[in-house]
Amino acid sequence: MYNLDEMVARIYKELEIEAGQIYMHTICAKLNIILRVCEEESSHMVYHGTYYIIVDSRNSPQAQTFDFAHELAHFLLHDGNQRKSSRVYIEYQERQANNFAERFLVPMFLLRQLELPNDRADAAYLVEKTFKVDAELAKKRLALYEREMYEEYKNRYVW
C-alpha cells in the first residue's frame, strides 16, 4: 500500500467514512472547512485563516464529489498560495490532487473487501455503484487494483 493509500485509510477511519458515503458537508464540518456549492468553478482558498472549498453545482453529482476530493487534497497536502508557484509546480500539485481524489473516492483498502465478479464489466459496474463514481474512474481504479493483485501474486512466487 502506498503512503497516499495509508493516508486515505486513516482519514476514512478518523472521519468514520464508509464506501460511497462521501458527504461533503459532514467532512467539511469535521475538518473545520467552509463548503460552498454554487455556480462557480470548483476551487479552494484560505481567507483570514479559514479554509474554503467551492464546488461547482452545475456539474454532475459524481463530478462534484470528484472536485470536492480534489480540493480536499489541496487542503491536506499543500501549503501556500498556488498562484505564486511556478507552472511546473502547479501542474505537479494538480496531478497530485487528482491522484488523491481517485484514491479517496475508491480507496484500495475498501476495494480489496469487495467480492468482485470475474467479468470485468460487471466488476467495474459494482465499483461504480458501490463508490458512487463515474464509469471511467471505476475502470481506472479497478485496473490499478488488478495490477496490484498481480504484483502481489508475482512477488509471492518469485524466488
Side-chain angles (χ1 to χ4, degrees), residues 1-31 33 35-37 40-44 51 53-78 82 88-159:
M1 194 181 298
Y2 300 100
N3 289 338
L4 210 48
D5 290 319
E6 292 168 2
M7 178 184 188
V8 166
R10 282 195 317 273
I11 292 168
Y12 266 66
K13 183 178 180 183
E14 290 174 18
L15 299 182
E16 301 172 332
I17 302 171
E18 296 182 21
Q21 305 301 312
I22 306 296
Y23 300 123
M24 296 184 292
H25 290 284
T26 302
I27 292 169
C28 284
K30 289 180 178 181
L31 295 174
I33 298 170
L35 175 66
R36 289 186 56 214
V37 180
E40 292 180 28
E41 188 174 322
S42 296
S43 62
H44 66 280
Y51 200 88
I53 291 178
I54 297 128
V55 174
D56 192 337
S57 63
R58 298 169 292 193
N59 292 336
S60 71
Q62 291 92 344
Q64 288 180 36
T65 304
F66 186 89
D67 287 353
F68 169 74
H70 174 99
E71 300 306 336
L72 182 63
H74 289 298
F75 171 75
L76 297 169
L77 302 173
H78 306 141
Q82 198 181 52
V88 171
Y89 190 64
I90 291 169
E91 289 172 1
Y92 166 76
Q93 286 185 331
E94 291 304 310
R95 282 192 309 274
Q96 191 177 41
N98 284 337
N99 188 23
F100 173 87
E102 291 170 359
R103 292 171 185 271
F104 185 74
L105 296 176
V106 185
M108 197 58 70
F109 80 98
L110 290 175
L111 193 52
R112 290 173 182 265
Q113 295 173 12
L114 287 181
E115 289 190 33
L116 294 169
N118 289 331
D119 180 77
R120 181 172 274 155
D122 291 343
Y125 182 77
L126 178 63
V127 171
E128 182 182 344
K129 294 306 171 196
T130 300
F131 295 99
K132 300 177 184 163
V133 295
D134 64 29
E136 181 182 345
L137 179 55
K139 290 175 188 172
K140 185 174 185 179
R141 293 297 289 158
L142 188 58
L144 179 61
Y145 169 79
E146 290 169 346
R147 281 194 306 274
E148 286 189 13
M149 293 298 99
Y150 173 74
E151 287 298 319
E152 285 180 19
Y153 174 80
K154 187 174 79 173
N155 290 337
R156 266 188 264 152
Y157 297 102
V158 172
W159 300 88

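All values derive from a computational prediction rather than experimental measurement. Only this structure's heavy atoms are used, side chains among them; waters, hydrogens and symmetry mates stay out.
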Visitor: Go through the structure and list residues passing salt bridge (Lys or Arg N to Asp or Glu O under 4.0 Å) with E41, not counting sequence neighbours.
Guide: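 By the salt bridge (Lys or Arg N to Asp or Glu O under 4.0 Å) rule, E41 matches no residue at all.
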Visitor: Do Y51 side-chain atoms and F75 backbone N/O form a donor-acceptor pair below 3.5 Å?
Guide: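 Indeed, once roles are kept as given, a pair shorter than 3.5 Å links the two residues.
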Visitor: Which atom names give the shortest non-hydrogen contact between V55 and S42, and what distance separates them?
Guide: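 In terms of heavy atoms, the two residues are closest at CA-OG, 3.5 Å.
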Visitor: With rounding to the nearest 0.5 angstrom, report the CG to CG distance, L137 to L105.
Guide: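 Between atom CG of L137 and atom CG of L105 there are 6.0 Å.
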Visitor: Mind checking what makes side chain to side chain contact (heavy atoms under 4.5 Å, CB included) contact with N118, not counting sequence neighbours?
Guide: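 If we apply the side chain to side chain contact (heavy atoms under 4.5 Å, CB included) test to N118, skipping adjacent residues, there are no hits.
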Visitor: Mind listing the closest non-hydrogen atom pair of A73 and A97 along with its distance?
Guide: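 Where A73 meets A97 most closely, the heavy atoms are CB-CA, 3.7 Å.
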Visitor: Can you sort out the partners of F131 under ring pair (Phe, Tyr, Trp, His ring centres under 6.0 Å), two or more places apart, ordered by chain and number?
Guide: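 Checked F131 against ring pair (Phe, Tyr, Trp, His ring centres under 6.0 Å); zero matches.
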Visitor: Not counting sequence neighbours, which residues clear side chain to side chain contact (heavy atoms under 4.5 Å, CB included) with E136? List them please.
Guide: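 With neighbours one apart ignored, the set is D134.
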Visitor: Determine all donor-acceptor pairs shorter than 3.5 Å in which one atom belongs to a side chain in residues 15-28; sequence neighbours excluded.
Guide:
from, atom 1, to, atom 2, distance (Å)
Q21, OE1, Y23, OH, 2.1

Visitor: Just to verify, what does Y12 make a ring pair (Phe, Tyr, Trp, His ring centres under 6.0 Å) with, not counting sequence neighbours?
Guide: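 Here the qualifying residues are F104, F109.
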Visitor: What's the separation between atom CD in E71 and atom CZ in F66, rounded to the nearest 0.5 Å?
Guide: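 If we round to the nearest 0.5 Å, E71:CD and F66:CZ are 10.0 Å apart.
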Visitor: Is there a side-chain contact (heavy atoms from CB on, under 4.5 Å) between L110 and T130? Walk through the geometry before answering.
Guide: CA-CA 10 Å; L110 290 175; T130 300; over 6 Å; no
Visitor: Scan Q96, Q93, E94 and name whichever one has a side-chain hydrogen bond (donor to acceptor under 3.5 Å, both in side chains) with H74.
Guide: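 Filter result, single survivor: E94.
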Visitor: Could you report the tightest heavy-atom contact between D5 and E148, atom names first, then the distance?
Guide: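 Nearest pair, atom of D5 first, then E148: OD2-OE2, 4.4 Å.
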Visitor: For the NE2 atom of H78 and the NE2 atom of H44, what is their distance to the nearest 0.5 Å?
Guide: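 Those atoms lie 8.5 Å apart.
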Visitor: Check whether the side chains of R95 and N99 place a donor and an acceptor atom closer than 3.5 Å, and report yes or no.
Guide: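 Distance-only check fails for R95 and N99.
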Visitor: State which residues pass side chain to side chain donor-acceptor pair (under 3.5 Å) with E102; sequence neighbours excluded, sorted by chain then number.
Guide: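 With neighbours one apart ignored, the set is K140.
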Visitor: Side chain to side chain donor-acceptor pair (under 3.5 Å): which pairs involve residues 54-66, sequence neighbours left out?
Guide: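 Listed by first then second residue: D56-R58, N59-D67.
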Visitor: Among residues at least two apart in sequence or on other chains, which ones pass side chain to side chain donor-acceptor pair (under 3.5 Å) with N98?
Guide: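 Here the qualifying residues are H70.
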Visitor: Can you find a pair of side-chain heavy atoms, one from Y145 and one from M149, that are under 4.5 Å apart?
Guide: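 They are in side-chain contact.
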Visitor: Please report the interatomic distance CZ(R103) to CE(M7), rounded to the nearest 0.5 Å.
Guide: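 Atom-to-atom, R103:CZ and M7:CE are 12.5 Å apart.
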Visitor: So, for A124 and L142, which heavy atoms are closest and what is the spacing to 0.1 Å?
Guide: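 Scanning both residues, the minimum pair turns out to be N-CD2, 3.5 Å.
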Visitor: Should I11 and L76 count as side-chain neighbours, where that means a heavy-atom distance under 4.5 Å?
Guide: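 Result yes, sub-4.5 Å side-chain heavy-atom pair found.
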Visitor: Rounded at 0.5 Å granularity, tell me how far CG in L144 sits from CD in E146.
Guide: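 Output value for this atom pair is 9.5 Å.
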Visitor: Quick one: side chain to side chain donor-acceptor pair (under 3.5 Å) partners of E115, sequence neighbours excluded?
Guide: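 None.
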